[in-house]
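This structure is a prediction, so every number in the text was calculated from the model and none was measured. Computed from heavy atoms alone, side chains included, the values below leave out hydrogens, waters and symmetry copies.
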Amino acid sequence: MKTLIHTPIKRRQFLAGAGTAALVTGFPAVLRAQEPEAIRLGLVHPVTGFVSFSGTQCRVGAEMAIADINAAGGIQSMNGAKLEAMLADSQGRPELGASETARLIEGGATGIIAGYSSAISLATSQEAAKTMTPHIVDVGVADNIIQRNLENTFRFAPGFGSVANSAVEALKAINANGDAKTAVIIHEESLFGTGTAELLAKELPNIGIEVLEVIRHANPTRDFTNIALQLRSLQPDLIIPANYYNEYVLLARTLRQQRIAAKGIYSVLGGAASNLQFVQEFPDAAENIMDCNHWYDPNSEVAVQRRAAAEEKGLFYTYEIFLAYNAVAFLADAIERAGSTENEAIIEALNASTWDNHGMPYGPTVIENGQNMGAQAVNTQVQGGEIQVILPEEFASAEAIFPVPA
């Protein structure tokens, strides 16, 4: 058996060793503090597939928030821990969104931000609930996402129930003179479009507008000629679309090309109506379209600065960007206040949130059953190639033009 010989280390030898370490790291070995471990956030969005534009915009917005938070010092209550994005592509498929969520959680994600569409958000939140991983819905508007008693699921933006109610109340004010008496609703086939159309068809008669027809279309749809012919036959005063970006653009362009006349196009969660790319690329088709949708507060310095930062990157500042940005910031604020990456602590902090650095036209943040009750949609209208807020009055940048000029 070998005999271990313990040789005393002299103080001078110890300091010499420490000095060598200092040359390598910049700090004495005995004083060097470890960098706090990064806090990993899973971003699950459809960056390929038929809604890839919106999914990519969501990812960009979320990554912008992570970069801004890190640049500001990270999570201060956790020694400046930085946020790190873990990326996943749902391809627009709920089942893939769920499996990617499971992969990210297994890989160490502290929270999940997902998933643009309602169907994907339903799947990702259900998967995250299995491990009680905090899950923030960025855009998905279906109300049953947060009506399943999933304690891990939160949404900072409004759902379609709130949006549809706002849309009906705003339309009542816009149509105060009774110019519009009939409407046709055109919606995409998923949970978002179907749910929105059902709510509108129920509520519009209560403000004196008869719904002549509810027309459903597939995703994707490449030709709206037949729907244009139906509209020509029905001759509604209002055309009310609820669909995703590509289909919305094609529908609007078809209506213009076919010279379908109406007193107004009044979108509810229109996929392109409150979208600067649509307005810039197809200004004639976009002009005078109204929309009840997510939009930022044009009077907010925070919102204006974030739009400028996005446009400096060559991006269109769409609602996907600022809603995903706020979803990340909302979660980061909860982690900051919790001072922990433990699920229970973060969920408790989310439930107690009063976070207000969002730049949105909202009331005070109050979380009930995962939903921010202070969130609300606004009404916009494309006027002179710009998107203007027309209602509510306290956030308005212009007055509504209605009926639209023939």
Side-chain angles (χ1 to χ4, degrees), residues 41-72 82-92 113-117 138-139 157 220 243-250 252-253 267 269-287 289 291 293-330 332 357-361 378 380-389 397:
L41 303 183
L43 312 181
V44 185
H45 296 107
V47 296
T48 59
F50 82 99
V51 288
S52 59
F53 170 79
S54 292
T56 301
Q57 291 286 93
C58 284
R59 176 181 284 186
V60 166
E63 290 182 318
M64 286 179 66
I66 289 172
D68 286 351
I69 291 164
N70 287 343
K82 298 297 191 288
L83 302 180
E84 178 184 316
M86 301 174 70
L87 305 178
D89 179 9
S90 70
Q91 301 177 20
I113 292 88
Y116 174 63
S117 83
D138 45 24
V139 181
N243 33 35
Y244 291 118
Y245 182 84
N246 290 335
E247 283 65 32
Y248 193 103
V249 171
L250 183 56
R253 295 181 67 196
S267 313
L269 293 168
S274 295
N275 189 302
L276 292 161
Q277 181 176 11
F278 171 53
V279 174
Q280 291 185 26
E281 292 182 353
F282 306 103
D284 292 340
E287 188 66 14
I289 286 180
D291 192 22
N293 210 328
H294 312 288
W295 197 244
Y296 65 88
D297 178 1
N299 304 309
S300 165
E301 185 177 346
V302 166
V304 171
Q305 288 176 349
R306 288 180 186 166
R307 174 174 173 173
E311 291 179 342
E312 284 177 7
K313 297 176 181 290
L315 301 168
F316 291 104
Y317 196 56
T318 64
Y319 65 78
E320 295 96 336
I321 288 181
F322 55 76
L323 292 189
Y325 187 110
N326 279 337
V328 170
F330 173 58
N357 192 32
H358 44 71
M360 299 296 288
V378 299
T380 64
Q381 186 173 34
V382 181
Q383 298 181 5
E386 295 289 339
I387 295 174
Q388 303 288 355
V389 175
S397 56

Please report, to 0.1 Å, the donor-acceptor pairs under 3.5 Å made by any side chain of residues 50-58, with sequence neighbours excluded.
unit_1: S52; atom_1: OG; unit_2: G49; atom_2: O; d: 3.2
unit_1: S54; atom_1: OG; unit_2: Y116; atom_2: OH; d: 3.4
unit_1: S54; atom_1: OG; unit_2: E320; atom_2: OE2; d: 2.6
unit_1: T56; atom_1: OG1; unit_2: S52; atom_2: O; d: 2.8
unit_1: Q57; atom_1: NE2; unit_2: F316; atom_2: O; d: 2.9
unit_1: Q57; atom_1: NE2; unit_2: T318; atom_2: OG1; d: 2.9

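Judged by distance alone, with hydrogens and angles left aside, the side-chain atoms of S397 form a donor-acceptor pair with the main-chain N or O of V389 at under 3.5 Å.
The heavy-atom pair separating I113 from A327 by the smallest distance is CG2-CB, 3.9 Å. Considering all non-hydrogen atoms of both residues, E247 and P220 come closest at OE2-CA, 3.2 Å. The two residues L323 and D138 come nearest to each other via the heavy atoms CB-O, 3.6 Å. What you find for N70 and L83 is that their closest heavy atoms are OD1-N, 2.7 Å. The two residues S300 and G359 come nearest to each other via the heavy atoms OG-CA, 3.4 Å. When all heavy atoms of N357 and N326 are compared, the closest pair comes out as O-OD1, 4.5 Å.
Once rounded to the nearest 0.5 Å, the distance linking CG of D89 with CG of L43 reads 12.0 Å. The structure places CZ of R307 at 12.5 Å from CD of E312, a figure rounded to the nearest 0.5 Å. Between the OH atom in Y325 and the CZ atom in R306 there is a gap of 4.0 Å [rounded to 0.5 Å]. Separating the CD1 atom in I289 from the CD atom in Q383 is a distance of 12.5 Å, to the nearest 0.5 Å.
Annotation: side chain of H294 is in contact with side chain of L269 (closest heavy-atom distance under 4.5 Å). Side-chain atoms of S267 and N293, non-hydrogen and from C-beta on, never get closer than 4.5 Å to each other. With contacts defined as side-chain heavy-atom distances shorter than 4.5 Å, the pair F322/M360 qualifies.
The side-chain hydrogen bond (donor to acceptor under 3.5 Å, both in side chains) search around Y244 returns none, not counting sequence neighbours.
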Residue pair V328, I69: steps toward the side-chain contact (heavy atoms from CB on, under 4.5 Å) verdict: CA-CA 9 Å; V328 170; I69 291 164; 4.3 Å; yes
Pair Y319-Y296, side-chain contact (heavy atoms from CB on, under 4.5 Å): steps then yes or no: CA-CA 8 Å; Y319 65 78; Y296 65 88; over 6 Å; no
E386 vs Q388, side chain to side chain donor-acceptor pair (under 3.5 Å): CA-CA, chis, key distance, verdict: CA-CA 6 Å; E386 295 289 339; Q388 303 288 355; 5.6 Å; no
Audit row: M64, L315, side-chain contact (heavy atoms from CB on, under 4.5 Å) steps and yes/no: CA-CA 12 Å; M64 286 179 66; L315 301 168; 4.3 Å; yes
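Electrostatic pairing of R59 and E63 does not count as a salt bridge here, judged by no charged N lying under 4.0 Å from a carboxylate O.
Ring pair F278/Y248 is perpendicular by interplanar angle, where above 60° counts as perpendicular and below 30° as parallel.
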